[in-house]
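Single-structure report; data block below.
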Amino acid sequence: MKAFTILGLESSCDETSLAILKVSTSSVDILHHETATQIPIHQRYGGVVPEVAARTHVAEILSLLDRATLFPKPKVDAIAVTQGPGLATALRVGIETARAMSFASGIPTIGVNHLEGHLASAWLVKENRAQWKFPILALLVSGGHTELVLIKDFCSYRVVGRTRDDAAGEAFDKTAKLMGLGYPGGPILSQSALNGDSTAFDLPRPMFHDKSFDFSFSGLKTAVRNTWEGLSPKKQKDESVRNDLCASIQEAIVDVLVKKTLAAARKYHPTAVCIVGGVSANRHLNDVMSQTLSRELGIRVLEPAKGLHTDNAAMIAAAGAWHFERKKLSDWKKLDAKPELDL
Ligand code: KG4
Ligand code: ZN
């Protein structure tokens with residue numbers, strides 16, 4: 001394979017991100033990577049406001065391109081851009097930028113599925129690439145998705161389980177919000193959980209005994225709301241009580257994620273399990289998953305590099321590289337946002 005460079009653009013939610021990857025037979029190097037996070041902006045509203053997100057992407061994306069010295073002529077072989085799923089107006093910012101660049105330079109564009117990008121985030125790690133033998137089972141846990149995916153080959157997937165309501169990240173975000181902990185809930189709640197007792201509150205494990213590999217987290221959210229509203233104002237302000245509740249919530253979510261992943265691994269016999277998406281940044285999830293899979297099945301858990309669990313453009317460029325190598329290019333004239341795209 002001839003070495004090539006690929007530009008990645010990500011703007012599906014609340015991060016504007018740009019990366020340039022160099023891919024050869026022996027290595028994958030991130031030559032440049034910059035992410036402009038909008039988290040401080042959306043924190044004021046307690047969640048992502050789509051119109052604000054889109055306007056902020058517009059304000060950020062050209063400066064990112066400028067700092068990556070991609071003007072006037074981008075020296076890359078392809079442009080990979082997130083096509084969906086995500087917020088329609090936010091996605092369009094990245095897509096229109098890629099289209100304009102393709103139009104002006106003739107460089108081909110590749111529309112990338114954001115979920116495939118998350119899968120590719122684990123492949124970006126050199127040690128993980130050495131273990132990248134199919135089939136691989138992936139637990140994709142983010143703010144919008146919770147899916148168990150069988151990676152059969154590059155660009156070939158089968159979703160074997162998914163959430164029927166809220167995503168795991170939403171379970172973190174919504175329960176943290178109702179406890180008044182702020183946004184995004186995952187990192188804040190898991191930090192408080194470090195000092196709490198995970199057995200203090202008895203919370204439900206939805207779909208725990210169901211034979212499918214599907215998930216459901218809305219019942220947990222309701223149980224947490226009832227528990228929280230049942231506490232006296234004095235207890236709600238008590239830091240140790242709050243830490244205990246955070247630890248109990250995290251334990252309930254991790255329990256379900258690990259049990260379902262183990263059951264799916266028993267059925268599909270993957271060579272490895274990878275956990276990707278924002279929630280895979282959770283250390284407790286990683287620890288329990290690694291211990292369980294190694295003890296029960298002797299298989300390894302592969303995760304993205306630090307900082308690449310949440311949305312970023314390096315993973316979009318990586319998934320774009322899989323397509324570029326297989327000559328799967330998009331027609332930039334027809335490229336449009338696909339807010340509901342699935343794997
Ligand atoms: O992948 P991502 O950046 O965006 C989507 O594609 O949705 O994931 C964001 C989600 C949020 O719900 C956030 O609360 C969660 O990832 N998250 C975490 C942690 N860090 C981020 N959840 C649990 N523990 C964490 N350490
Ligand atoms: Zn994501």
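For clarity, every value in this text was computed on a predicted model and none was experimentally measured. For ligands, and for the atoms within them, numbers begin at 1 and follow the listed sequence.
Of the polar atoms of Phe172, none of the N or O atoms is found under 3.5 Å from an N or O of ligand 1, judged by distance alone. Taking distance alone, with nitrogen or oxygen atoms compared against 3.5 Å, Asp173 approaches ligand 1 more closely than that limit. Checked against a 3.5 angstrom limit, the closest N/O atoms of Gly277 and ligand 1 fall outside it.
Looking only at heavy atoms of the protein, atom 10 (C) of ligand 1 is closest to Gly143 N, 3.5 Å. Protein heavy atom closest to atom 2 (P) of ligand 1, with residue, atom name and distance, is Asp311 OD1, 3.3 Å. Among all non-hydrogen protein atoms, the one lying nearest atom 24 (N) of ligand 1 is Asn282 ND2, 3.1 Å. Protein heavy atom at the shortest distance from atom 22 (N) of ligand 1 is Gly186 CA, 3.3 Å.
A salt bridge links Glu303 with Arg283: the closest approach of a Lys/Arg side-chain nitrogen to an acidic carboxylate oxygen falls below 4.0 angstrom. Using a cut-off of 4.0 Å between Lys/Arg side-chain N and Asp/Glu carboxylate O, Lys260 and Asp214 are scored as not salt-bridged. Between Arg99 and Glu96, at least one side-chain nitrogen of the basic residue sits less than 4.0 Å from a carboxylate oxygen of the acidic one, meeting the salt-bridge criterion.
For ligand 1, the atoms lying closer than 4.0 Å to a non-hydrogen atom of Thr310 are 3 (O).
Note on His118: counted as a metal contact of the Zn ion (ligand 2), an N/O/S atom lying under 2.8 Å.
The angle subtended at the Zn ion (ligand 2) by NE2 of His114 and OD1 of Asp311 is 90°, given to the nearest 10°.
For the pair Arg129 and Trp123, the distance from NZ or CZ to the six-membered ring centre is under 6.0 Å and the angle to the ring normal is within 45 degrees.
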